[in-house]
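Data first, discussion second: the structure below is written as structure tokens.
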Amino acid sequence: MKLRFWLLDVNYETKDATPELWMWGIDTKGNRVLIIDRNFKSYFYLVLEENTNPEKLIKEIQGRKNEFPLILKTEQVKKKYFGKPVNALKVTVQNPEVMSKYANILGKIEDVERCLEDDVRFSMRYLIDNDVSPCEWHEIEVEQAEDVVEALTDKVYLAKSFPERVEEVEVPKLRVLGFSLICYSERGMPKPDKDPVVIISVATNAGDEKQFVAENLKDKAVIADFVNFVRQFNPDIIVGFGTNRQDWPYLIQRAQKSGLKLHVDRVETEPHTSVYGHVSVTGRANIDLFDFTDELPEVKLKTLENVADYLDVMKLEKRTIIEDIEYASYWDDEEKRPRLLKYSKENAQCIMGITDALLDFAMQLSSLVSLPLDHVGTAAVGFRIEWYLTKKAHRIGELIPKRTQHPYIPYKGGIVLKPKKGLYENVAVLDFKAMYPSLMITYNISPDTYLSPKESDPPSGVNMAPKTKHRFSKEPAGFYKEILLSLIEERNKTKAQLEKLDPKSLEHRVLDARQKAVKVITNAAYGYAGWIGARWYVKPVAEAAADLGRHTIQETIEIAKEIGLEVVYGDTDSIFIKYEPDKAVKLAQKIDEKFGLEIKPDKIYVRILFTEAKKRYCGLLPNGELDIVGLEVIRGDWADVARKSQEKVLEILLKERSQKKAIQYVHQYIADLRAKKAPYKDLIIWKALTKPIEKYAVKAPHVEAAKMLKKEGWEISTGDKVGYVITSGTGRLYTRVKPFMFASYEDVDIEYYVTHQLVPAVARILNVFDVKEEELFPSKRTLDSFLS
DNA sequence: GCATGAAAAATACCC
DNA sequence: ACGGGTATTTTTCATGCG
């Protein structure tokens, strides 16, 4: 029978030395299905030296049958490697586990130049070769096979054909379950070897809200009830916030300690950590929403409550917030415990709300790059695009390069103009549309079109980057050109479709997510090319794109000046001009003629303020909003007193244009700060640890704070943000640091915040008007009048 | 020993 | 674990002074 299904997850098993690909999905009737495919075999390639006789080599390999009993087939194939035609042998094996071993031995044969694709994992091989994508519909020939395996699905099938993609936008109705833990510890961070899980809050998209609560600090029943609930609800997707790193490992350990099996899977297994550090729950997609918060750079401190607030899921003002350090005191106090329960319940609710906002994007990204839904979030950007490239490369016969070590050699990037400080009226930003992707398309810049200095020009001719002199063959169209063209085309099509749809419709949401995913991948191609960790790392590709970018923007500036436009600033792919619409149109036309690139007004500022510094400015938009770029307001590593006061000063200066009022405002703010009127929270400075504590060469404040946390039982790892305050005292700053939860308002050195946070931030702005720092401190009189 | 200033380390931003 | 360009703060280190 033919079955149409939407692919949720894949995993791979070996049964009787036969690899099996398990596809978990949902059919058109809403049945949960498991399809097992036993017909697919893995393989790798042996790329041959030139002038090698393939038949002879095939015979040799066949002759060594004893050595390689699991080789099923060895055949000659024509492939490409970085665009060059090569002869290769495709070696198909019975069991993927022997691939690397066989490849290693065979790779050493004299006539074999290199061995490729033995490092492609079985399940990914399956997705690539059959053009199967997670979160997409497929059709497949199957037969029922209920007895094969016990799974929490409606049906189990054996595949009788390979799946074929079916174009369909609609996503089936999925069952989603969100959960959040509260763990109890008397002191410091909870440790799974001793501290119990006291609350598990669960919410589902069917409207269930459940809480499993410990009695007498015993969590065996809590976990058992949770597992039962999961099995009974049988979700397709399990979501949480920070679950890959915290909740799952904790639950796994607690279950182990209680002798419980954490049977939340669709087969009799348990969650386990897998590729890219994600926790895999077989048969379901386990998603950690935290992994998608990179897409929200506006949220500086990525806590559940901040993300929920930003996405309008639950506003901070309406939330119950309890710091983790306080959990125990809330739990122990009969009167306060309900608030802890409420907090936990809200956590689960926020998780569901965030899922609503991010899941479409996650699914579109998964579908686009072909990484399973539960992997795609944990995979770094470089790996996401690499999977996309891998799939496309396979289609055009390009072999997938090995990941090899490359030395890091930096190259020149974009141009940044130095702004003249001051306030400007009516400034437009002219942006190149997708500059790097467009340049790569126009000049056919690609790993497979690059010509090394040794190679001579091909008959079709070459494109050459102006300064670096890197050459790229004009024909045939490179791998990147094809991919980028189709991505850009797809995005344009999707955006056109969006305009016809009701913004609230389901289809609109899906397509909008698609459009975003496509954009992310398009823009990542340039960076990927210059990443030394990339399989297709070809530095000249990135270098040439940057070179042409510089050339293009420089020419643009020249032409703009010829036309009579005043250029006040520019960064990489944009120029800021005193806006004259007619001239801007003329410029766009010339750019189109000369480079075949599109430049158009993006933002138009009523007024814009430049400091002397590059990459830091603030513009007033026609709708009255401030567009603040690079300044302390949008930096997460400044105390809120600095950020808030700077923002207000900018607002006064740009909207009301009153220097005097701005200075008065600063005076008042400082007076209030000295009177301890600022919330304690506004004094916390957050900084990320970018490496393990012991690797730091200097005694930095946030590292010292992290050490204190560690000493008190907190687990601190790379990437964590440390929140600290500066306390009174003398000597080096790092000696006066305390984690914010270990200090109180009385400990804080307010003068530090005045002179090292607030004043520098506002002075940076008022400096533009030649206001001196001394003028920013409240006069004695102001202080006196305040004190009296 | 200490003030001073330049260099290095560190972070987070822009595009 | 996608690129380079940039501003900024704090620590560290070299240097000159006395």
Side-chain angles (χ1 to χ4, degrees), chain A residues 276-277 294 297-298 300-301 378-389 403 405-406 408-419 429 431-436 440 520-539 541-547 549-550 553 569-576 602 611-617 627-639 642-643 685-691 695-704 718-719 721-722 726 731-737 752 755-757 760-761 763-764:
Chain A
Y276 307 129
D294 286 350
E298 298 91 338
K300 303 299 169 186
L301 188 60
T378 47
V381 178
F383 295 109
R384 291 178 190 170
I385 179 153
E386 190 152 277
W387 273 113
Y388 182 78
L389 293 176
R403 207 181 297 287
Q405 288 231 304
H406 300 281
Y408 169 69
I409 307 162
Y411 63 89
K412 248 182 152 43
I415 290 174
V416 190
L417 302 184
K418 191 163 182 168
V429 185
D431 264 324
F432 276 92
K433 206 174 155 193
M435 186 192 240
Y436 288 153
M440 291 197 269
V520 165
I521 295 301
T522 310
N523 291 339
Y526 158 76
Y528 173 83
W531 172 42
I532 54 171
R535 287 179 189 262
W536 278 283
Y537 170 67
V538 180
K539 200 184 75 160
V541 167
E543 202 170 16
D547 188 4
R550 288 193 301 275
I553 201 78
Y569 180 62
D571 187 347
T572 312
D573 61 352
S574 67
I575 57 169
F576 290 48
D602 174 24
T611 64
E612 251 153 302
K614 297 171 177 180
K615 297 183 186 278
R616 316 188 109 216
Y617 55 87
D627 189 28
I628 304 171
V629 179
L631 296 165
E632 282 72 9
V633 176
I634 45 103
R635 289 187 66 102
D637 59 346
W638 283 72
R643 302 172 65 196
I685 298 164
W686 292 92
K687 271 193 167 70
L689 290 170
T690 58
K691 52 189 165 191
K695 291 256 169 72
Y696 277 86
V698 295
K699 297 208 165 194
H702 69 299
V703 181
E704 293 308 300
T718 307
K721 291 221 175 179
V722 184
I726 306 301
R732 294 284 189 203
L733 199 58
Y734 66 79
T735 62
R736 298 196 279 138
V737 162
Y752 170 83
T755 58
H756 288 85
Q757 291 278 326
R764 191 117 42 227

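Residue numbering restarts at 1 for every chain, and letters A, B, ... go by the order of the sequence lines. All of these numbers come straight from a predicted model, not from anything done at the bench.
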Qualifying residues under salt bridge (charged side-chain N to carboxylate O under 4.0 Å, His left out), relative to A:K433, sequence neighbours excluded: A:E598
Chain A reaches DNA chain C, atoms under 4.0 Å from its heavy atoms, from C:dA1 to C:dT12
Categorize A:W536 for me: base, sugar-phosphate, or nothing, with a 4.0 angstrom heavy-atom threshold over every strand shown. nothing
Bend angle of the helix from B:dG1-C:dC17 to B:dC15-C:dG3, end axes from five pairs each (to 10°): 20°
Please enumerate all residues that pass salt bridge (charged side-chain N to carboxylate O under 4.0 Å, His left out) together with A:R732, with sequence neighbours excluded. none
Which of A:I575, A:D573, A:D602 passes side-chain contact (heavy atoms from CB on, under 4.5 Å) with A:F432? Answer is A:D573
Could you tell me whether A:Y408 contacts a base, only the sugar-phosphate backbone, or nothing, with contacts defined as non-hydrogen atoms closer than 4.0 Å? sugar-phosphate
For a quick check of understanding: with a heavy-atom distance under 4.0 Å over all strands, which category does A:F432 fall into, base, sugar-phosphate or nothing? nothing
Let me know, please, whether A:Y528 or A:A761 comes out on the 5' side of the other along DNA chain C by nearest nucleotide. A:Y528
Give A:P760 one of three labels, base, sugar-phosphate or nothing, depending on what nucleic acid heavy atoms sit under 4.0 Å from its own. sugar-phosphate
Going by the rule side chain to side chain contact (heavy atoms under 4.5 Å, CB included), which residues pair with A:A379 if we only count those two or more places apart in sequence or in a different chain? A:Y276, A:L371, A:F383, A:R384
Residues in side chain to side chain contact (heavy atoms under 4.5 Å, CB included) with A:S574, at least two apart? A:V429, A:D431, A:D571, A:F576
Classify A:F576 by what it touches in the nucleic acid, base, sugar-phosphate, or nothing, heavy-atom distance under 4.0 Å. nothing
Classify the nucleic acid contact of A:Y436 as base, sugar-phosphate or nothing, counting any heavy atom under 4.0 Å across all strands shown. nothing
Students often get this wrong, so: under 4.0 angstrom with heavy atoms, is A:R764 touching a base, only sugar-phosphate, or nothing? sugar-phosphate
Partners meeting salt bridge (charged side-chain N to carboxylate O under 4.0 Å, His left out) with A:R550 (sequence neighbours left out): A:D547
Check the angle between the aromatic planes of A:Y526 and A:Y436 and answer parallel, tilted or perpendicular using the 30° and 60° thresholds. tilted
What's the OH-P distance between A:Y617 and B:dC14, to the nearest Å? 8 Å
At 4.0 Å (heavy atoms only), tell me whether A:G530 reaches a base, stays on the sugar-phosphate, or touches nothing. sugar-phosphate
Rounded to whole Å, how long is the line connecting atom CZ of A:R550 with atom C1' of B:dC15? 15 Å
Sugar-phosphate only, base, or nothing, as touched by A:R732 at under 4.0 Å among non-hydrogen atoms: base
Test of understanding: with salt bridge (charged side-chain N to carboxylate O under 4.0 Å, His left out), list the residues that count as partners of A:D627, not counting sequence neighbours. A:K603
I'd like to check A:E704 versus A:K699 (side-chain heavy atoms, cut-off strictly below 4.5 Å). Are they in contact? yes
Could you tell me whether A:G533 contacts a base, only the sugar-phosphate backbone, or nothing, with contacts defined as non-hydrogen atoms closer than 4.0 Å? nothing
Under the ring-ring contact (aromatic ring centres under 6.0 Å, His included) test, residues paired with A:W387 that sit two or more places apart: none
Side chain to side chain contact (heavy atoms under 4.5 Å, CB included) involving A:N523 - partner list, sequence neighbours excluded: A:P437, A:K519
Sequence-distant partners of A:K418, side chain to side chain contact (heavy atoms under 4.5 Å, CB included), two or more places apart: A:K614
Quick one, give me the B/S/- string for nucleotides 6-12 of chain B, reading 5' to 3', where B means a protein heavy atom under 4.0 Å from the base and S means that only happens at the primed atoms, P, OP1 or OP2. ---SSBB
